[in-house]
Protein chains: 4
Amino acid sequence: MDVTMDGTRHQRRGNTRQRIQDVALELFAEQGYEKTSLREIAERLDVTKAALYYHFKTKEEILASVFDDLTRPIEELIEWGQQQPHTLETKREIVRRYSEALASATPLFRFMQENQATVRELRIGDTFKDRMKGLRDVLIDPDAELVDQVRCVSAIFTLHAGMFVLQDLEGDPDKKRQAVMDVALDLVTQADRGSAGRS
Amino acid sequence: MDVTMDGTRHQRRGNTRQRIQDVALELFAEQGYEKTSLREIAERLDVTKAALYYHFKTKEEILASVFDDLTRPIEELIEWGQQQPHTLETKREIVRRYSEALASATPLFRFMQENQATVRELRIGDTFKDRMKGLRDVLIDPDAELVDQVRCVSAIFTLHAGMFVLQDLEGDPDKKRQAVMDVALDLVTQADRGSAGRS
Amino acid sequence: MDVTMDGTRHQRRGNTRQRIQDVALELFAEQGYEKTSLREIAERLDVTKAALYYHFKTKEEILASVFDDLTRPIEELIEWGQQQPHTLETKREIVRRYSEALASATPLFRFMQENQATVRELRIGDTFKDRMKGLRDVLIDPDAELVDQVRCVSAIFTLHAGMFVLQDLEGDPDKKRQAVMDVALDLVTQADRGSAGRS
Amino acid sequence: MDVTMDGTRHQRRGNTRQRIQDVALELFAEQGYEKTSLREIAERLDVTKAALYYHFKTKEEILASVFDDLTRPIEELIEWGQQQPHTLETKREIVRRYSEALASATPLFRFMQENQATVRELRIGDTFKDRMKGLRDVLIDPDAELVDQVRCVSAIFTLHAGMFVLQDLEGDPDKKRQAVMDVALDLVTQADRGSAGRS
DNA sequence: CATGAATGAGCTTTCATTCAT
DNA sequence: CATGAATGAAAGCTCATTCAT
């Protein structure tokens, strides 16, 4: 009900909650969680700090709500992955979809990446860790050689890194994203070949 | 014999500076930079906050001094790399040495990884970024295909990730480290093969 | 009725800002700007330091706001003076009105006089200097002999001095103020006669 | 014994005490007493703070010693004045000599003028106030009209003001000093004429 | 649906001062 | 004659949070 038919969030009138989330994420990603004060968020929205507390119980809850909203696709992806057969093609599909999911919530993931120490102590810290583990387990064959397990983790990290580090590498952004995904796909493919060879 | 006859404690010798650095790094890595207060550092050393300021001008400077001390090997590695021919073997040697360097300053790198948002605003942020670029440029052949460039960056990130994410993967630590390095070596090797094929 | 039924105190109405200004000026004048801490101001008002920061951005701003409020009459006096003909009677009127203005903001001027070194580094320092120059230029005939220019400056300073130094001279305060003004008036009159004689 | 035959202070070797006084006064005058820290003084002398404590018991004592050294001429002037007959010529001589005394210790007097609030709470505060009173009593005829008493005080203040305010008035410094003194002399002369007329 | 006013806890930093060596 | 190391106290300031209106 907070979502209109075309999938965008409503702008009806009581859109303040949404605006808070947007600005908060923007600032969290830009400056970090600790260095972003509620005063700053409030000022940028031209409301009072107290108004934030009308919509959210705590600062942490603002972040949590953003996190929950924006990572649902990934949760779903993992659930989907768990129900698929552990074939190479499944894994490659997961990599593809994960890359997409990352791209559609770049600021949040940038934030998560750059504020790990902070996030760890927050409620969402555990949730995130669990999700990462879920993703890993869906890619990794537990019987596989250690190297191949590492390759899968490496694939995930390559996707993450691709979002930020490659910003300052010259070249067409789309081509870069494609290249990043190619490397990631390569890694899971090699990992799978290893497993296959052994079995 | 840290206690004199009259019962007062004495930290004997001018090792306080060093002890501050040690405790600070420990806490920074554990809780993050912002969440670690000077009070906490001081208390753990059983000195007053003011004592910290005798040895360091600011909180930031404590971190900077630790960083400078602990990353010198990496600086040297990059310098060394720049003077070597851009052969595959050179690159593989760099990966090996970099892995070692990371291992011998794990807490610092864990800190850097988990506090990127904070570090970015600090003096060491730029230094670190420069160093990463240096490392990248020493591994990457600028004429190489984009995929191969990504492979090199991915190799570095694999090493980083290896330090932390793999902690919660079962298995012998040494073997894990070896596996991580194997993947990284593989990545630069593949990257080189790509360049070679083209040329 | 500053106390509600449940015994908690209430400063009723939004007069806190004003009360802060009053107490601050009182303490600044009494002890100097630097020696007056925000803790002291807050304690005397029975609020927390943080409450001061709700109403003013910095310690300096508290002073600035007091200054702005209390010196407006002088600003207006100078503006008025600039639009009058440069006659002796105008100048005498300025002296009279300036004396009044000083009297009605004695604590502030006492403060300005006794904290010049501090004030110089503050935002209001420049404003004050400008205002003093404005006043001077309205009294002084730029073509006048140096002695006569000095006489005008001396007149202003006599008024200032009168507020403080004469406190410990015996006698009726009103008569003293009158005497001070007479001397100041005398000085500008003599200064004017000098100019007149020359022209 | 700390003074060489030609009256200048010794530079023998143990000149540190003197250097401390010089630098301290310079900084006190420039920035004010409170805003000048011992660290700053020590740094500028390239010694440690502890060294200052070898030569002086407290920060206040540094200032006190400078004050004592530099205001001795004025003390003597007052003593001299008290032993002279209360004639106009005596008074004029006092004005002249006081002007000279001021000129030869400008930084100190600038400091005293601009840090009254601070000085008031210091040991030298009372001493200074007493001296000012002494000077006043030597100029003022206690039976004189109030206006004439004010004129004398005004004369002193004119001399003080002359040192600072007139800095930003254009013209040859020597001529300005002369003009200031002329006005001061005028004031005491007029004051005397008043007394004379009455008597 | 939001604000105005305030708080309590905490922060980084600075200062004058001390004292064993 | 001076330093190296440290302290206790306090400063200005910021923050997340609360609550009556």
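Protein chains get the first letters and strands the later ones, always in sequence-line order, with residue 1 at the start of each. In this text the structure is predicted, and so the values were computed from the model without any measurement.
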Worksheet item: Using purine N1 to pyrimidine N3 plus N6-O4 or O6-N4 for Watson-Crick, or N1-O2 and O6-N3 for G-U wobble, both under 3.5 Å, which nucleotide pairs with E:dG10?
Response: F:dC13
Discussion item. What is the distance, to the nearest angstrom, from the CG atom on A:Asn15 to the C1' atom on E:dA2?
Written reply: 14 Å
Worksheet, complete the sentence: By nearest-nucleotide position on DNA chain E, the 5'-leaning member of B:Ala50 and C:Arg17 is C:Arg17
Discussion item. Could you tell me how far apart D:Glu34 (CD) and E:dA16 (P) are, to the nearest whole angstrom?
Written reply: 9 Å
Worksheet item: A:Val47 side chain: which of E:dT3, E:dT17, F:dT14 is closest?
Response: E:dT3
Discussion item. Between B:Tyr33 and C:Tyr54, which residue's closest nucleotide on DNA chain E lies nearer the 5′ terminus?
Written reply: C:Tyr54
Worksheet item: Rounded to whole angstroms, how far apart are CG on A:Leu63 and P on F:dA16?
Response: 13 Å
Worksheet item: Is a side-chain N or O of A:Glu60 found less than 3.5 angstrom from the main chain of A:Leu122, in a donor-acceptor match?
Response: no
Discussion item. Looking at C:Thr36 and C:Leu27, would you say the former's side chain and the latter's main chain have a donor-acceptor pair under 3.5 Å?
Written reply: yes
Worksheet item: Could you state the CD1-C1' distance from C:Ile20 to F:dC13, rounded to the nearest angstrom?
Response: 15 Å
Item to complete: Provide, to the nearest angstrom, the distance between the CZ atom belonging to A:Phe28 and the P atom belonging to F:dC15.
Response: 13 Å
Worksheet item: With side chains defined as the heavy atoms from C-beta onward, is the minimum distance between C:Phe28 and C:Leu63 less than 4.5 Å?
Response: yes
Discussion item. Check the phosphate of E:dA5 against C:Thr16, side-chain N and O only, distance under 4.0 Å to OP1 or OP2. Yes or no?
Written reply: no
Discussion item. Between C:Gln31 and C:Glu40, is there a side-chain heavy-atom distance shorter than 4.5 Å?
Written reply: yes
Practice prompt. Give the nucleotide from the list F:dA2, E:dT17, E:dT3 with an atom nearest to the side chain of A:Thr48.
Written response: E:dT3
Worksheet, complete the sentence: By nearest-nucleotide position on DNA chain F, the 5'-leaning member of D:Asp46 and A:Tyr53 is D:Asp46
Discussion item. Taking 4.0 Å as the cut-off, does a side-chain nitrogen or oxygen of B:His55 come that near to OP1 or OP2 on F:dG4?
Written reply: no
Worksheet item: Any cation-pi pair here, D:Lys59 with D:Tyr53, using under 6.0 Å and within 45°?
Response: no
Worksheet item: Under 3.5 Å, is there a donor-acceptor pair between the side chain of B:Arg120 and the main chain of A:Glu30?
Response: yes
Fill in: Spacing of A:Phe56 atom CZ relative to E:dC1 atom C1', expressed in whole Å
14 Å
Practice prompt. Go ahead and name the base partner of F:dT21; Watson-Crick or wobble counts if both distances stay under 3.5 Å, otherwise write none.
Written response: E:dA2
Worksheet item: What's the NZ-C1' distance between C:Lys35 and F:dA9, to the nearest Å?
Response: 14 Å
Worksheet, complete the sentence: Whole-Å distance, A:Leu52 CG to E:dC1 C1', equals 13 Å
Discussion item. Expected output is a numbered-order residue list: members of residues 36-45 of chain A with a heavy atom under 4.0 Å from any atom of DNA chain F. What is it?
Written reply: A:Thr36, A:Ser37, A:Leu38, A:Arg39
Discussion item. Suppose we call a contact any N or O donor and acceptor under 3.5 Å apart; does that hold for the side chain of B:Lys49 and the base of F:dT7?
Written reply: no
Practice prompt. From the options E:dC15, F:dA6, F:dA2, select the nucleotide whose nearest atom is closest to the side chain of D:Ala51.
Written response: F:dA2
Worksheet item: Hey, are the side chains of D:Glu43 and D:Arg39 touching, using non-hydrogen atoms and a 4.5 Å cut-off?
Response: yes
Fill in: Lys/Arg-Asp/Glu bridge criterion (N-O < 4.0 Å) met for D:Arg44, D:Glu26
yes
